[in-house]
Amino acid sequence: MKKWVYLFGEVAEAEKYTGSWEGVRALLGGKGAGLLDMTRAGVPVPPGFTVTTEACNEFRKTGKFPAGMWDQVLTAMKSVEKQTGKKFGDANNPLLVSCRSGAKFSMPGMMNTILNIGLNDEVAEGMIKLTNNPRFVWDLYRRLIEMFGTTVFNLDDEVFEHPLAEYKERKGYKVDTDMTAEDWKELVSTYKDVFKRHVGFDFPQDVYKQLELATKAVFESWNGKRAIAYRNKEGISHDLGTAVNIVTMVFGNMGNDSGTGVAFTRNPSTGEQEMMGDYLLNAQGEDVVAGIRNADPIEHLQSQMPKVYKQFMDISNKLEKHYKDMQDVEFTIERGKLWMLQTRNGKRTAKSAVKIAVDLANEGLITKEEAILRVTPENVDALLHPQFDAEAMMNAEKDGTFLAKGVNASPGAAVGQVYFDADTAEKMAKEDKQDTIMVRPFTKPDDVHGMIASKGVLTSEGGATSHAAVVARQFGIPCVVGASAIKINLERRVMTVGETVVKEGEWISVDGTTGKVFVGKMPMTSPSLEQQTELLTLLKWADDICARKDIRVAPVKGYPTRGLQVWANADYPKDARRARSYGAVGIGLCRTEHMFFEPERLPIVQRMILSHTSEERTAALDELLPYQRKDFDGLFEAMDGYPVIIRLIDPPLHEFMPDEEKLLEEVITMRVKGESDGLADKETLLNAIRGMHESNPMMGLRGVRLSIAMPEIVEMQVRAIFEAAADCTLRSIVVRPEVMIPLTGTVKELEWIQPRLERIASAVMGEKKGKFDYKFGTMIEIPRAAVTAAEIAQHAEFFSFGTNDLTQMTYGYSRDDAERNFLITYQEQGILEKNPFQTLDRNGVGKLMDWAIAEGRKTRPNLEVGICGEHGGDPSSIEWCHLIGNNYVSCSPFRVPIARLAAAHSALRHRAQGKVTTPKKKVLAKIPKTRSKVTQKSAKKKFAKVK
Ligand code: ADP
Ligand code: MG
Ligand code: MG
């Protein structure tokens with residue numbers, strides 16, 4: 001006979017059956033596993049037993065308890081009766097129990113729990129005699145009927161709350177504690193009537209019937225709406241099912257020597273090492289959380305019940321040590337005796353996640369590696385974004401600025417003025433330069449412009465996958481959806497929550513991280529990385545993991561054996577300095593074209609473009625050269641010791657020219673007005689621009705194609721790069737320039753352009769007598785280049801995946817058009833799971849990358865491979881780069897810390913098993929075409945120091 005029921009004393013049996021603690025948690029749920037585990041450790045837990053998730057899953061399939069289960073429940077009840085010396089349903093010595101849900105992964109408050117099962121009219125009378133406390137007993141009984149009605153028969157809370165409120169009003173009572181024994185007794189009979197009226201039969205007096213119905217209701221609550229929504233959001237499987245825990249009731253409402261409370265072993269909002277909790281004397285179960293009365297901070301218990309307090313602190317500390325994590329515990333004190341009712345790993349903010357992980361590692365409870373894995377890249381992201389002040393948020397509920405809570409659909413904090421439609425929100429944002437928050441019941445595709453223009457979005461309907469949520473996440477706009485307490489009146493242009501009215505144009509604050517909404521302007525803090533000591537420590541540990549020589553076996557010849565490095569995309573020295581301060585160890589992409597746009601340079605650039613002869617063009621370029629040299633000089637200096645990849649000019653030239661339409665307008669106006677001064681020049685310019693027109697510039701004359709059409713531009717750029725590098729070397733700066741040729745599609749392009757550029761490089765080094773290491777390589781952003789990577793690598797010494805273009809060309813989407821017109825529909829319809837421009841498409845684009853690396857390294861085993869698209873800062877894409885053998889990822893400076901953690905996660909999750917040996921130097925040295933490499937001794941030494 002299969003075992004469906006485990007007594008709290010049978011943890012060994014559960015371990016034997018499942019073979020692991022993970023298995024026990026899956027079988028008995030987190031709550032059940034915790035109760036059994038605490039019982040084993042000698043912690044005072046009321047006797048009880050757990051019905052397995054397997055039983056729940058059988059029940060969900062067939063609608064019936066599996067064969068043998070109920071008999072096992074009855075036997076277990078007998079055992080509990082024996083342990084407690086009480087009897088279920090016996091008026092002279094009654095046992096009451098709770099029937100509690102508990103799944104493998106904690107889903108706080110999402111499923112059902114019923115307390116005080118085992119009470120009926122007869123038992124109530126008996127208990128009154130026994131306890132001499134009628135108020136207590138009638139209070140229990142009314143709670144049971146209420147919980148039974150609402151959870152087992154899905155009645156609205158209202159049907160019970162309403163008569164209670166009415167009763168209190170009639171009597172002039174303010175709080176529940178004003179209610180006397182007689183009052184509760186009368187309410188019990190009212191509740192029984194309510195129950196019968198709504199359910200159709202009397203409240204069950206048979207205590208075993210109560211237990212059976214409650215057990216079924218808990219099983220069924222696995223598929224409750226709230227529970228399903230929660231699992232969807234948290235990515236918890238819908239197949240796991242919930243266990244049922246039957247626990248002897250202990251009573252916190254037996255007078256002022258009794259109480260109930262909840263506590264965290266560390267501060268869940270800051271991570272500080274201090275117990276944080278609340279308790280209430282003379283109260284039961286959820287009273288503390290429900291906020292019926294103001295709870296007392298746990299420290300007060302020390303003076304009220306010093307012995308219990310000490311015991312509680314000891315147990316909590318022990319639990320934390322045992323589970324090696326911050327615990328969230330529930331306890332009840334019955335007549336001076338402490339009982340523990342639950343322990344679980346506590347939910348926490350990003351800030352406390354980092355602090356707790358680092359502290360636990362420093363305390364020796366967990367390893368550094370475990371600490372790294374306990375913090376998510378999203379945690380790091382949250383810590384670097386502006387956030388609402390934690391204390392102000394905590395106070396909001398007290399000071400009345402808290403408005404409502406909805407689903408935290410897209411993280412981040414936003415403060416702005418409320419507008420109830422997209423057009424007004426956009427207009428106020430654009431024309432009046434206001435910070436706006438767009439508020440709607442829900443959003444549709446034609447609301448997107450208003451959302452993008454706003455600082456935040458709030459809806460009263462919809463869930464985490466609603467249109468508003470998807471769009472907001474897509475554009476990184478803080479967003480709360482489904483705040484159903486908010487009533488929006490689109491005609492009167494107001495929203496209301498109870499008494500609070502917010503009119504159009506008034507300020508609110510939306511916290512997409514917690515789902516909370518506040519009236520007025522909530523103060524914000526903008527955290528800096530330097531001040532976050534624990535985060536810095538954690539990231540240092542993450543870097544150490546990635547730097548290990550034995551952490552990875554990459555797919556091609558096992559190279560590289562280290563984890564990923566994190567470089568940054570930076571165009572200017574100030575960005576480079578920021579990137580370094582965030583921990584970047586290289587520049588993976590410096591876009592040179594921005595530099596052409598600067599006001600004093602643009603006219604020269606335009607003159608260069610309009611040149612008719614190579615001489616004219618060279619003359620203009622000669623003027624640009626000193627500027628570019630200075631740009632690169634600054635960058636090398638900022639990145640002293642680290643590699644800097646400079647991409648040669650990439651965009652089509654028309655981007656540097658005045659806007660064609662605007663120019664046409666000017667010309668027409670001049671003609672109409674008969675102005676002739678300068679008209680001819682404008683006409684010539686207009687014709688020139690028209691001549692440059694392309695029907696699809698993205699696929700036209702740009703990148704390496706442009707360099708082949710007009711090599712003078714890139715020749716100037718390479719000269720500037722090498723002159724700057726040589727100058728820096730003379731100033732004892734260690735330079736490692738890498739010249740990147742964009743948009744290569746065939747190796748013939750490299751064969752044409754690269755030797756010319758390399759000749760310039762050697763020439764400059766000869767002229768300047770500065771020697772340093774350098775590379776020439778290419779971007780892989782055209783599918784053909786990826787496919788023919790073996791050929792490309794004959795010339796390219798490095799690859800850098802430009803995954804934005806590579807994704808565009810692999811899917812055949814233009815990103816702007818796709819994001820504007822159909823990507824959201826595609827996601828809503830499930831055609832695309834994610835936006836492929838944000839999360840790398842492993843199956844298509846990712847396969848091309850994988851192939852390109854494998855082929856490239858067949859030709860050049862030590863080929864350096866990176867990624868410089870936006871994906872370089874996305875955790876899932878970073879993991880893919882780790883798996884296929886990238887040397888580094890490069891992302892925006894702000895995402896560097898996130899990428900450092902994600903790189904370490906990848907290394908740890910896929911860590912090499914056994915001994916890893918670096919491939920033989922000889923193998924790596926076998927490269928097709930060797931250029932004589934010059935390495936400065938001193939430079940090498942200095943670089944070793946920097947690393
Ligand atoms: P949740 O999973 O939502 O936390 P629980 O099953 O833990 O629900 O129970 C809800 C509340 O009832 C908690 O405060 C818990 O401590 C209390 N409770 C549950 N069982 C008992 C019991 N046997 N005796 C006293 N209080 C209990
Ligand atoms: Mg609980
Ligand atoms: Mg590109």
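Both ligands and their constituent atoms are indexed starting at 1 by order of listing.
Ring geometry, W70 versus F65: the interplanar angle falls under 30°, so the pair is classed parallel (tilted spans 30 to 60°). Using cut-offs of 30° and 60° for the angle between ring planes, the F251 and F136 rings count as perpendicular.
Here the rule is ring pair (Phe, Tyr, Trp, His ring centres under 6.0 Å) with F148, and of Y191, Y141, F203 only F203 fits it.
The pair K86-D90 does not meet the salt-bridge criterion, since no charged nitrogen lies less than 4.0 angstrom from a carboxylate oxygen.
Ligand 1 places these atoms under 4.0 Å from at least one heavy atom of S98: 19 (C), 20 (N), 21 (C), 22 (C), 23 (N). Within ligand 1, counting atoms from 1 as listed, the ones closer than 4.0 Å to a heavy atom of V250 are 24 (N), 25 (C). Under a 4.0 Å criterion applied to the non-hydrogen atoms of V247, ligand 1 contributes the atoms 23 (N).
For L115, no nitrogen or oxygen atom sits less than 3.5 Å from a nitrogen or oxygen atom of ligand 1, counting backbone and side chain alike. Residue T248 has at least one N or O atom closer than 3.5 Å to an N or O atom of ligand 1.
Ligand 1 does not have Q284 within reach: every non-hydrogen atom of the residue lies 4.0 Å or more from it.
T265 places a side-chain N or O within 3.5 Å of a backbone atom of Q327 that can act as its donor or acceptor partner.
Residue-level proximity to ligand 1 for K31 is carried by the side chain, the only part with a heavy atom below 4.0 angstrom.
Sorted by first and then second residue, the pairs that involve residues 91-111 and meet salt bridge (Lys or Arg N to Asp or Glu O under 4.0 Å), not counting sequence neighbours, are E22-K104, R100-E330.
At the Mg ion (ligand 2), the vertex angle linking OE2 of E330 with OE1 of Q342 is 100° (nearest 10 degrees).
Here atom 16 (O) of ligand 1 lies nearest to E330 when heavy atoms of M340, E330, M147 are compared. When M249, R344, E334, Q342 are ranked by how near their heavy atoms come to atom 22 (C) of ligand 1, first place goes to M249.
For E220, the side-chain hydrogen bond (donor to acceptor under 3.5 Å, both in side chains) test picks out no residue, with sequence neighbours left out.
Counting backbone and side-chain atoms alike, T113 contributes no N/O/S atom closer than 2.8 Å to the Mg ion (ligand 2).
By the neighbour-count criterion of 12 heavy atoms within 6.0 Å, atom NZ of K129 is sparsely surrounded, having that number or fewer from other residues, nucleotides or ligands.
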